[in-house]
Amino acid sequence: MTLSDSNQPVDFIRAAVLDDSKAGRYPRVHTRFPPEPNGYLHIGHAKAICIDFGIAAEFGGQCNLRFDDTNPVKEEVEYVESIQQDIRWLGFDWEDRLYYASDYFEQLYEYAVRLVTKGKAYVCDLSADEIRRYRGTLTEPGKESPYRNRTLAENLELFARMRAGEFPEGSRTLRAKIDMAAGNINLRDPVMYRIIHAPHHRTGDRWCIYPMYDFAHGQSDSLEGITHSLCSLEYEDHRPLYNWYLDQLEIYHPRQIEFARLNLSYTLLSKRKLLRLVQEGHVTGWDDPRMPTLSGLRRRGYTPEAIRDFCERIGVAKKDSLVDIALLEHCLREDLNRRAPRVMCVLKPLRVVIENYPEGQVEELAAVNNPEDPGAGTRRVPFSRVLYIEQDDFRENPPPKYYRLSPGREVRLRYAYFLQCVDVVKDGQGNVVELRCTYDPTTRGGDAPDGRKVKATIHWVSAAHAVPAEVRLYDRLFVKEDPDEGDEGQDFLAHVNPNSLEVLAGCRGEPGLAGARPGSIYQFERQGYFCVDPDSAKGTLVCNRAVSLKDEWARIEKARRAG
RNA sequence: UGGGGCGUGGCCAAGCGGUAAGGCUCGGGACUUUGGAUCCCGCAUCCGGAGGUUCGAAUCCUCCCGCCCCAGCCA
């Protein structure tokens with residue numbers, strides 16, 4: 001087992017599981033990932049998935065996928081499907097252990113009857129509003145429901161009639177009889193079942209009473225033989241109730257352990273808020289590449305490997321934290337650096353005419369596919385008299401430390417020749433529209449026989465051979481590190497970054513990019529990693545920038561601007 | 001003023017009585033046909049604060065301060 005003989009520090013959950021194993025409290029390790037199918041999975045869920053599936057695997061155990069589908073009005077099959085797809089994409093496998101809390105409705109009902117029979121549960125006729133008022137406040141105890149002491153026979157009969165559909169929605173509940181004065185509000189006679197006359201995506205109209213999370217979760221864990229029920233901090237207050245049900249029922253008792261959920265800077269990880277971004281049109285959908293959803297990240301160009309690595313690096317603890325999104329970006333760069341094939345693509349083209357290059361001549365120059373991976377081989381890229389280079393790679397009046405192209409200066413065209421700018425062509429407004437240049441034929445491939453050096457190497461594309469493309473540049477979704485942090489009552493939408501998307505229409509890529517399949521990821525040399533978007537099916541190639549390359553020059557300029 | 005948690009460098013996070021791991025960020029340098037990658041070097045005399053115990057404390061005790069969660073017939 002990797003954990004016991006390693007000296008690597010382990011987080012408190014692994015330590016607890018290890019301890020339970022050594023002490024023989026649980027004969028094996030069996031966890032579960034229990035999403036409610038009411039939305040798309042995001043990177044915060046990825047953390048939980050990595051913990052649930054990861055720990056099980058490390059201990060040679062198993063992890064179930066169980067949908068917590070106890071609230072039919074919020075849940076949909078669309079979500080159960082997307083959730084499964086995202087978990088598989090992330091790289092985890094629940095094999096044949098796909099379960100639903102709704103699979104246990106009959107058993108749960110039987111458990112409820114058992115509690116009623118023990119005098120530990122009762123049917124309550126209070127309205128939702130009345131229950132709230134009877135519950136008391138954080139500092140004052142609640143008071144007991146007038147229905148708390150119904151007879152066993154009456155409770156049994158009423159509960160059966162609730163199930164039979166004899167009562168209107170919301171008219172009655174089944175409640176646990178615990179302690180209306182408990183400091184922990186979850187223990188003040190919590191609702192176990194409520195009446196909802198709504199069809200369930202799996203059980204149809206077979207039920208009109210549905211168990212609450214607290215009455216379903218622990219028992220589901222128990223039925224599946226879960227050993228460690230890992231969840232987030234907000235359930236800490238529920239653990240006494242989790243334990244209470246299991247103890248009262250006298251059934252197998254798993255151990256619940258809570259950890260802090262993930263918060264990421266400059267974005268949000270709340271299904272409710274993400275839904276608002278979608279519904280109010282701030283993004284194009286759940287899979288908008290700016291979204292922190294797994295489907296959004298996938299479309300953006302994030303890899304499962306990078307996300308898993310990220311989840312490992314952030315650790316597991318109980319401290320509320322706000323993880324720097326730069327770490328996520330770092331993980332992606334690190335993964336893609338060694339895997340993504342390199343290609344040249346000019347985002348903002350500037351036309352270059354090489355005056356001493358023969359008209360009509362085309363050469364095929366060898367380019368390395370991935371310097372980090374010798375096995376990736378080389379490819380041939382066409383070179384000709386008219387090229388496009390990046391507008392940013394030319395400055396008529398170069399500032400200090402700028403060592404790209406400028407009048408009279410020489411640079412290297414990657415994998416091609418040294419190029420010197422001899423003249424600048426402008427339009428009526430004074431904008432540079434074309435560069436007249438010369439090349440040195442003896443520098444083919446990029447090295448000068450006379451040993452002279454150039455300070456910069458820039459990418460280029462042959463105008464006649466280039467493939468047109470649209471490139472979408474993304475920036476952080478919010479301008480505030482913590483969008484939830486309120487300034488005088490404004491909500492998170494006030495902090496949406498209006499410039500989170502920049503569309504570049506006239507890009508030009510090297511010919512090899514033609515026909516690239518959606519989902520494939522390239523490094524556009526000197527710029528970043530780009531993922532072919534499904535929108536490419538509409539005709540022109542569309543690429544999403546997943547993350548930029550680190551950019552020393554941009555840093556210098558930024559520092560300069562800041563003074 | 002109730003209950004439950006948490007406080008280690010800019011952001012995460014080890015550490016569990018013996019004198020502050022690691023990663024990210026940031027700064028500096030080397031190298032470079034991506035100002036990429038890689039490689040060096042630097043970055044907490046101090047662990048929310050104050051007392052106390054001890055030869056010795058981030059680690060034990062006491063008090064204080066701060067932050068988060070809970071009053072859904074949501075999960």
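A note on names: the letters A, B, ... follow the listed sequences, proteins ahead of strands, and every chain is numbered from 1.
- On a pure distance criterion of 3.5 Å, a polar donor-acceptor pair joins the side chain of A:Q523 and the base of B:U34.
- In the set B:A14, B:C69, B:C74, B:C69 carries the atom at the smallest distance from any side-chain atom of A:D237.
- Atom NZ of A:K550 and atom P of B:C39 are 11 Å apart (whole Å).
- Looking at heavy-atom distances under 4.0 Å, A:I131 makes contact with a base.
- Side-chain nitrogen and oxygen atoms of A:R272 include none within less than 4.0 Å of the OP1 or OP2 phosphate oxygen of B:A75.
- Listed nucleotides: B:A71, B:A75, B:C24. Nearest to the side chain of A:L327: B:C24.
- Ranking B:C24, B:G4, B:C70 by closeness to the A:H330 side chain, first place goes to B:C24.
- Closest to the side chain of A:S127, from the set B:C24, B:G36, B:C73, is B:C73.
- Between the CD1 atom of A:I51 and the P atom of B:A13 there is a distance of 11 Å, rounded to whole Å.
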Applying side chain to side chain contact (heavy atoms under 4.5 Å, CB included), run through A:E510 and A:H459 and close with a yes or a no.
CA-CA 10 Å; A:E510 63 172 73; A:H459 60 280; over 6 Å; no
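- Annotated as syn: B:G72, whose O4'-C1'-N torsion sits within 90° of 0.
- Side-chain nitrogen and oxygen atoms of A:R188 include none within less than 4.0 Å of the OP1 or OP2 phosphate oxygen of B:G2.
- Between A:R202 and A:E75 no salt bridge is recorded (no basic side-chain N to carboxylate O distance below 4.0 Å).
- Classified by interplanar angle (parallel below 30°, tilted 30° to 60°, perpendicular above 60°), the ring pair A:Y439/A:Y417 is perpendicular.
- A:L336 places its CG atom 17 Å from the P atom of B:G36, with the value rounded to the nearest Å.
- Among the atoms of the strands shown, only primed sugar atoms or phosphate atoms (P, OP1, OP2) are found under 4.0 Å from some heavy atom of A:M212.
- Remark: of the listed residues A:Y193, A:Y109, A:F105, A:Y111, A:Y193 is the sole one forming a ring-ring contact (aromatic ring centres under 6.0 Å, His included) with A:F215.
- Salt bridge annotation for A:R161-A:E166: present, with a cationic side-chain nitrogen under 4.0 angstrom from a carboxylate oxygen.
- Counting any heavy atom pair closer than 4.0 Å across all strands shown, A:R135 reaches sugar-phosphate atoms only and no base atom.
- Side-chain atoms of A:E312 stay outside donor-acceptor range of the base of B:G23, with no qualifying N/O pair under 3.5 Å.
- Note on A:D551 versus A:R555: no salt bridge recorded, every NZ/NE/NH1/NH2 to OD/OE distance being 4.0 Å or above.
- Base contact: A:Y403 has a heavy atom under 4.0 Å from a base atom.
- When A:Y388, A:Y415, A:F394, A:F383 are each tested for a ring-ring contact (aromatic ring centres under 6.0 Å, His included) with A:W460, only one passes: A:F383.
- Remark: A:R66 does not engage A:D52 in a salt bridge, criterion side-chain N to carboxylate O under 4.0 Å.
- Checking B:G2 for Watson-Crick or G-U wobble geometry (two distances, each under 3.5 Å) identifies B:C70 as its partner.
- Residue A:A128 is classed as a base contact, given a heavy-atom separation below 4.0 Å to a base.
- A:K318 has its NZ atom 13 Å from the P atom of B:A14, to the nearest Å.
- B:U59 sits 8 Å from B:G15 when the C1' atoms are compared, rounded to a whole Å.
- Distance from the side chain of A:N71 is smallest to B:A75 among B:A75, B:C73, B:C24.
- Using a distance-only test at 3.5 Å, with no hydrogens or angles considered, no donor-acceptor pair links the side chain of A:R163 to the main chain of A:I209.
- Comparing B:C73, B:G5, B:U34 against the side chain of A:E236 picks out B:G5 as the nearest.
- Cation-pi geometry between A:R150 and A:Y122 is not met at under 6.0 angstrom from the ring centre and within 45 degrees of the axis.
- Checking the phosphate oxygens (OP1, OP2) of B:G27, a side-chain nitrogen or oxygen of A:R555 falls inside 4.0 Å.
- Of the candidates B:G23, B:U34, B:G36, the closest approach to any side-chain atom of A:E372 belongs to B:G36.
- For A:H459, no side-chain nitrogen or oxygen approaches OP1 or OP2 of B:U34 to under 4.0 Å.
- Note on A:T137: a base of the nucleic acid sits closer than 4.0 angstrom, heavy atoms only.
- Salt-bridge check for A:D392 with A:R404: failed, with every basic side-chain N at 4.0 Å or more from each acidic carboxylate O.
- Mapped onto RNA chain B by nearest heavy atom, A:R342 and A:V316 fall at different nucleotides, with A:V316 at the one closer to the 5' end.
- Each of A:N337 and A:D214 lies near RNA chain B, and the nucleotide nearest A:N337 is the one positioned closer to the 5' end.
- Residue contacts for A:V411: at a heavy-atom cut-off of 4.0 Å it reaches no nucleic acid atom on any strand shown.
- For A:R333, no side-chain nitrogen or oxygen approaches OP1 or OP2 of B:A37 to under 4.0 Å.
- In this structure, B:C63 forms a base pair with B:G49, meeting either the Watson-Crick or the G-U wobble geometry with both donor-acceptor distances under 3.5 Å.
- Side-chain atoms of A:S321 lie closest to B:A13 of the nucleotides B:A13, B:U34, B:A71.
- Within the shown strands, nothing qualifies as a pairing partner of B:A75 under the Watson-Crick or G-U definition with both distances less than 3.5 Å.
- Contact annotation for A:Y193: no contact, since no heavy-atom pair falls under 4.0 Å across all strands.
- With distances taken from any side-chain atom of A:D68 to the nucleotides B:A75, B:C24, B:G36, the minimum falls on B:A75.
- Taking side-chain N and O atoms only, A:R313 has no distance below 4.0 Å to OP1 or OP2 of B:A14.
- Side-chain N or O atoms of A:N370 include none that pairs as donor or acceptor with a backbone N or O of A:P341 at under 3.5 Å.
- Between B:G3 and A:T139, no contact under 4.0 Å exists linking OP1 or OP2 to a side-chain N or O.
- When distances run from any side-chain atom of A:E234 to the nucleotides B:U25, B:C74, B:C69, the shortest one goes to B:C69.
- A:L322 has its CG atom 16 Å from the C1' atom of B:C6, to the nearest Å.
- One atom, CZ of A:R261, and another, C1' of B:A75, lie 10 Å apart when rounded to the nearest Å.
- At whole-Å resolution of the value, CZ in A:R132 and C1' in B:C74 are 14 Å apart.
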Polar pairs (N or O, both sides) under 3.5 Å between protein and nucleotides 8-10 of chain B?
unit_1: B:U8; atom_1: OP2; unit_2: A:K319; atom_2: NZ; d: 2.7

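- Contacts of A:Y529 with the nucleic acid, taken as non-hydrogen atoms under 4.0 Å apart, are absent.
- Figure legend. B:G27 is base-paired to B:C41; pairs are counted as Watson-Crick or G-U wobble with both atom distances under 3.5 Å.
- Using a 4.0 Å heavy-atom distance criterion, A:P240 is classed as making no nucleic acid contact.
- Atom P of B:G4 sits at a distance of 49 Å from the matching atom of B:C40, rounded to the whole Å.
- When both pairing distances are held under 3.5 Å, B:A20 makes no Watson-Crick or G-U pair with any nucleotide shown.
- A:L108 has its CG atom 12 Å from the P atom of B:A75, to the nearest Å.
- Distances shorter than 4.0 Å separate some side-chain N or O of A:R194 from OP1 or OP2 on B:A75.
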